[in-house]
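Worksheet: the structure to be examined is printed underneath.
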Number of protein chains: 2
Amino acid sequence: MSVEKAALAEKLAAFERTCEQQGLRLTSQRLEVFRVLVQATDHPTVETVHRRVLKKLPRTSLDTVYRTLSSFEENRLVTRVGGIPGSARFEANMDPHHHFVCAQCGLILDLHSQALDGIQLKRELPKGYEIERAQVELRGICAKCRDSQA
Amino acid sequence: MSVEKAALAEKLAAFERTCEQQGLRLTSQRLEVFRVLVQATDHPTVETVHRRVLKKLPRTSLDTVYRTLSSFEENRLVTRVGGIPGSARFEANMDPHHHFVCAQCGLILDLHSQALDGIQLKRELPKGYEIERAQVELRGICAKCRDSQA
DNA sequence: ATCCTTGCAAAGCGTTTGCAGGCTA
DNA sequence: TAGCCTGCAAACGCTTTGCAAGGAT
């Protein structure tokens, strides 16, 4: 337990350092949002983070959690899990394949990889879990966006 | 070209078969939405599909496209690309790792896989493309959902 | 003729934004 | 004190839904 506490303290210290470096003011709300997320293992929604923050800071608003998480994301303190930002996208290609997603422009590229197809993933999962579609999603930067960036 | 036309015709025939099997009425809108998606390579949004459908069927409404795509998805005629359905989810774990997502209950599990980490993906991509985060997202069914299903 | 499907309109939900007051540095 | 951050409220965009008319079987 004391090991976990030490790890938490270290992460909070790193958090404060990053805030200072990035010019983010250290408010009680930000600290609590970060603490909630560090202690979470369930990849919570904004709503859920808000509910947990309210236990310690009952006057915190949902918008603040939204804004806080966005600024954390920009400063690489937290990650938004999964999901291609924007609206839903569809394809009729039902053959098993993978996707490369450009993090900047949202371009989606079909990807075929023998290496990916061949991986034994089942053994990495807990018992009882079943892979329905071993679809892989890679995030990156496409050629066009990389050029316009540089 | 005639090869592609034949392939298209075959897919449309399979489409009609599936519709009949599933008791989906064959309407001009459904046929056109499917045709647009079969011919698309860019994983279009609902909005984009709608715009393309309008070229042939100018009175088609956006809601119909939404409803059509949803029913197609249920009948495994098309796939929704990427994205964990529902609201955004966050984590503070910034170490590189992968995710298993339960297609049914939305559970997200952190996944560590030497096999995944070691894959050479760069060579599968077109020139100029760069992988920012080689994060893999697997979709499947978790133990709990599989049990309650059976 | 039946009843599924469509178009229209309105509502729903998650998320973002403008503003005035409060708090950090 | 200066300016960022917060809470409140309203707006926003994407998606879903209720309803009556239209169309497929």
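We name chains A, B, ... by the order of the sequence lines, and we start the count at 1 in each one. No hydrogens, no waters, no symmetry mates; every other heavy atom, side chains included, goes into these values.
The shortest distance between side-chain heavy atoms of B:Arg35 and B:Leu12 falls below 4.5 Å. A:Leu69 has its side chain within reach of A:Leu37: a pair of non-hydrogen atoms, C-beta onward, lies under 4.5 Å apart.
Annotation: B:Glu10, atom CD; neighbour count of heavy atoms from other residues, nucleotides and ligands within 6.0 Å does not exceed 12. Other residues, nucleotides and ligands place more than 12 heavy atoms under 6.0 Å from the CD atom of A:Glu73.
The phosphate of C:dT6 has neither OP1 nor OP2 within less than 4.0 Å of any side-chain N or O from B:Thr64. Of the side-chain N and O atoms in B:Arg30, one or more sit less than 4.0 angstrom from OP1 or OP2 of C:dT5. Contact annotation: B:Gln29 side-chain N/O to D:dG23 OP1/OP2 distance is not under 4.0 Å. One finds no side-chain N or O of B:Thr27 lying less than 4.0 angstrom from the OP1 or OP2 phosphate oxygen of C:dC4. Taking 4.0 angstrom as the limit, B:Tyr66 places a side-chain polar atom (N or O) nearer than this to OP1 or OP2 of D:dT15.
Under the 3.5 Å distance criterion, with hydrogens and angles disregarded, a donor-acceptor pair is assigned to the side chains of A:His43 and B:Glu91.
One atom, CZ of B:Arg51, and another, P of D:dC14, lie 11 Å apart when rounded to the nearest Å. Rounding to whole angstrom units, CD of residue A:Glu73 and P of C:dT15 are separated by 12 Å. Note: CG (A:Leu62) to P (D:dT6) measures 13 Å, nearest angstrom. Summarising the geometry, the separation between CG on B:Leu54 and C1' on C:dT6 is reported as 14 Å, rounded to the nearest angstrom. In this structure, B:Glu20 atom CD and C:dC4 atom C1' are separated by 16 Å, rounded to whole Å. The distance from atom CD of A:Gln22 to atom P of D:dC5 is 12 Å, rounded to the nearest whole Å.
Across all strands, A:Arg59 comes closer than 4.0 Å only to sugar-phosphate atoms, never to a base (heavy-atom distances). Within 4.0 Å (heavy atoms only), A:Thr60 reaches sugar-phosphate atoms of the nucleic acid but no base atom.
In the set C:dA25, D:dT15, C:dC8, the nucleotide with an atom closest to the side chain of A:Leu26 is C:dA25.
Nearest-nucleotide assignment on DNA chain D puts the 5′-proximal partner with B:Val46, out of B:Val46 and B:Ser28.
On a pure distance criterion of 3.5 Å, a polar donor-acceptor pair joins the side chain of A:Arg67 and the base of C:dG18.
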